[in-house]
S.K.: 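I'd like to ask you about the structure that follows.
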Amino acid sequence: MKEQTPPIETNGFRGYRDTDTDLTAEVRADRAETELRKLQAGLAHVSRVTILGELTASLAHEVNQPLAGIVSSADACLHWLAAQPPNVDKARRAIGRITRDAKRASDVVARVRNLAKKAPLQWTWVDINETVEETISLATRELSQNNVSLETQLAENMPQILADRIQLQQVILNLIINACEALTAADDEFRKLSISSAREMDGVALTVRDTGIGIDPQQIETVFEAFHTTKPGGMGMGLAVSRSIIEGHGGRLWAEPNEPRGAIFKFTIPSKKGNG
Ligand code: ADP
């Protein structure tokens with residue numbers, strides 16, 4: 001059955017006669033834009049959940065590691081308390097480690113929940129370096145399992161940017177996972193990923209550089225098209241969604257070839273959102 005578009009409420013008003021103002025068209029355009037925004041947000045969410053699915057092993061590890069730490073510190077604590085005389089100082093230190101590890105595990109869970117939930121955009125002042133570090137912590141296992149050596153160069157005194165933190169994490173995570181896949185596909189022992197931030201004239205820039213299989217120069221723009229993928233089982237949505245997120249922040253995202261091989265993905269974001 002064909003879906004019916006609900007009629008636009010105009011109370012019969014069809015625009016002013018003999019003027020160029022056509023309010024019904026404006027209302028329609030407004031509604032179309034709202035619908036488009038909703039669709040984009042929904043797509044961004046689906047694509048985010050897909051990335052999380054790819055990271056399941058990493059995330060389980062990030063939570064299990066501190067949990068194992070908690071168990072062994074608790075054992076140690078019991079041991080020091082049972083000693084004659086009890087070694088309260090060492091027991092206290094073991095409890096300190098338990099608190100630290102529990103916080104680590106709960107931080108990872110909170111980050112995953114934030115990425116997975118479908119929340120409205122939240123524009124806040126964001127420190128891009130902090131966002132990069134939080135995102136890397138979700139992918140460390142992915143990198144180590146694939147023998148990728150990661151180098152970060154985060155510039156000091158970066159201006160804060162007005163952004164949705166979760167969407168930025170999504171873009172960075174996407175670039176990291178893509179780089180990781182390009183590196184493993186290169187079938188080379190030397191797998192290097194570098195992430196660097198820099199201050200720009202009116203904002204920040206982030207560069208993700210890998211030494212992977214690289215991109216055919218003819219395809220350097222095509223990779224941003226929706227459904228373009230060269231991976232078996234790939235969706236081809238990651239870069240399209242990432243670009244729309246960065247543009248929604250008033251910035252730009254593009255790709256360049258790396259030297260001597262691999263790819264560079266770079267985005268810039270003005271410190272004050274460019275489009276409103
Ligand atoms: P997917 O990862 O599902 O294929 P993306 O939109 O994230 O979707 O990427 C589209 C395509 O761009 C990939 O299939 C790949 O061919 C290419 N690509 C993305 N990142 C890189 C990279 N770092 N190195 C080489 N090719 C890349």
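Atoms within a ligand are numbered from 1 in the order they appear, just like the ligands themselves.
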S.K.: Using side-chain heavy atoms (C-beta onward) and a distance below 4.5 Å, is E142 in contact with I176?
M.R.: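 They are not in contact (no side-chain heavy atoms under 4.5 Å apart), so the answer is no.
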S.K.: Just to confirm my output: which protein heavy-atom neighbour is closest to atom 21 (C) of ligand 1, and how far is it?
M.R.: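 Of the protein heavy atoms, F265 CE1, 3.7 Å lies nearest.
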S.K.: At under 4.0 Å between heavy atoms, which part of L175 makes contact with ligand 1: side chain, backbone, both or neither?
M.R.: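 Neither part.
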S.K.: Distance-only, no hydrogens or angles: does the H228 side chain make a donor-acceptor pair with backbone N or O of F224 under 3.5 Å?
M.R.: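 Side chain of H228 to backbone of F224, a donor-acceptor pair under 3.5 Å: no, none is there.
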S.K.: State, with a plain yes or no, whether a side-chain heavy atom of C180 is found less than 4.5 Å away from one of L193.
M.R.: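 C180 does not reach L193 side chain to side chain.
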S.K.: Does H61 reach the main-chain N or O of T56 with its side chain, forming a donor-acceptor pair under 3.5 Å?
M.R.: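 Here the side-chain-to-backbone pair does not exist.
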S.K.: Among all protein non-hydrogen atoms, which one is nearest to atom 7 (O) of ligand 1, and what is the separation to 0.1 Å?
M.R.: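 Among all protein heavy atoms, the one nearest atom 7 (O) of ligand 1 is N178 ND2, 2.9 Å.
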S.K.: At what distance is the nearest protein heavy atom to atom 24 (N) of ligand 1, and which residue and atom is it?
M.R.: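 Ranked first by proximity to atom 24 (N) of ligand 1 is A182 CB, 3.3 Å.
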S.K.: If every non-hydrogen atom of L183 is compared with every non-hydrogen atom of R191, which pair is closest and at what distance?
M.R.: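 Reported closest heavy-atom pair: O-NE, 3.6 Å.
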S.K.: Under 4.0 Å from a heavy atom of T230: give me the atoms of ligand 1 that qualify, with their elements.
M.R.: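 Listed by number with element, the hits are 13 (C), 14 (O), 15 (C), 16 (O).
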S.K.: Looking at atom 2 (O) of ligand 1, what's its closest protein heavy atom, distance included?
M.R.: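 For atom 2 (O) of ligand 1, the nearest protein heavy atom is K231 NZ, 2.7 Å.
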S.K.: Judged by non-hydrogen atoms, does F224 sit under 4.0 Å from ligand 1?
M.R.: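 Judged by the 4.0 Å heavy-atom criterion, F224 does not count as contacting ligand 1.
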S.K.: Quick one: which of N258, V208, D210 has a heavy atom closest to atom 23 (N) of ligand 1?
M.R.: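 Nearest option to atom 23 (N) of ligand 1, by heavy atoms: D210.
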S.K.: Check this for me: does any side-chain nitrogen of one of R141 and E62 sit under 4.0 Å from a carboxylate oxygen of the other?
M.R.: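 Salt bridge flag = no for E62 with R141.
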S.K.: Considering only non-hydrogen protein atoms, determine which one is nearest to atom 4 (O) of ligand 1 and report residue, atom name and distance to 0.1 Å.
M.R.: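 Minimum-distance protein heavy atom for atom 4 (O) of ligand 1 reads T229 OG1, 2.6 Å.
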S.K.: Should F265 and V171 count as side-chain neighbours, where that means a heavy-atom distance under 4.5 Å?
M.R.: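 Not in contact.
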S.K.: Counting heavy atoms only, which of I215, I177, L239 is nearest atom 27 (C) of ligand 1?
M.R.: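 Going through I215, I177, L239 one by one, I215 has the nearest heavy atom to atom 27 (C) of ligand 1.
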S.K.: With distance as the sole criterion, is a donor-acceptor pair present between the side chains of N146 and T184 under 3.5 Å?
M.R.: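 There is no such pair between these side chains.
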S.K.: Heavy-atom contacts with G234 under 4.0 Å: which atoms of ligand 1 show up? List them by number with element.
M.R.: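 Near G234, meaning under 4.0 Å from one of its heavy atoms, ligand 1 has 3 (O).
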S.K.: Does a side chain donor of either Q169 or R48 reach within less than 3.5 Å of an acceptor in the other side chain?
M.R.: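 There is no such pair between these side chains.
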S.K.: Which of the atoms of ligand 1 are close to V223, meaning less than 4.0 Å from one of its heavy atoms?
M.R.: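 Taking each heavy atom of V223 in turn, ligand 1 has 10 (C), 12 (O), 17 (C) under 4.0 Å.
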S.K.: Quick check on contacts: which atoms of ligand 1 are under 4.0 angstrom from a heavy atom of A263?
M.R.: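 Checking each atom against A263, I get 24 (N).
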S.K.: Taking a cutoff of less than 4.0 Å between a non-hydrogen atom of the residue and any ligand atom, is G214 in contact with ligand 1?
M.R.: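 Yes; G214 lies near enough to ligand 1 that a heavy-atom distance drops under 4.0 Å.
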S.K.: May I ask you to list the atoms of ligand 1 that are less than 4.0 angstrom from any heavy atom of M235?
M.R.: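 Going through ligand 1 atom by atom, the ones under 4.0 Å from M235 are 3 (O).
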S.K.: Please check whether G238 reaches ligand 1 - meaning an N/O of the residue sits under 3.5 Å from an N/O of the ligand, judged on distance alone.
M.R.: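 Among all N and O atoms of G238, at least one is under 3.5 Å from an N or O of ligand 1.
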S.K.: Counting distance only, does the side-chain N/O of R209 pair as donor-acceptor with the main-chain N or O of I264 below 3.5 Å?
M.R.: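 It does not hold such a pair.
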S.K.: With a 3.5 Å distance limit and no angle check, can you tell me whether D164 reaches the backbone of L121 through a side-chain donor-acceptor pair?
M.R.: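 No; zero donor-acceptor contacts below 3.5 Å.
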S.K.: Identify the protein heavy atom lying closest to atom 8 (O) of ligand 1, giving its residue, its atom name and the separation to 0.1 Å.
M.R.: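 Among all protein heavy atoms, the one nearest atom 8 (O) of ligand 1 is G236 CA, 3.2 Å.
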S.K.: Got the closest protein heavy atom to atom 11 (C) of ligand 1, with its distance?
M.R.: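 For this ligand atom, the closest protein heavy atom is H228 O, 3.8 Å.
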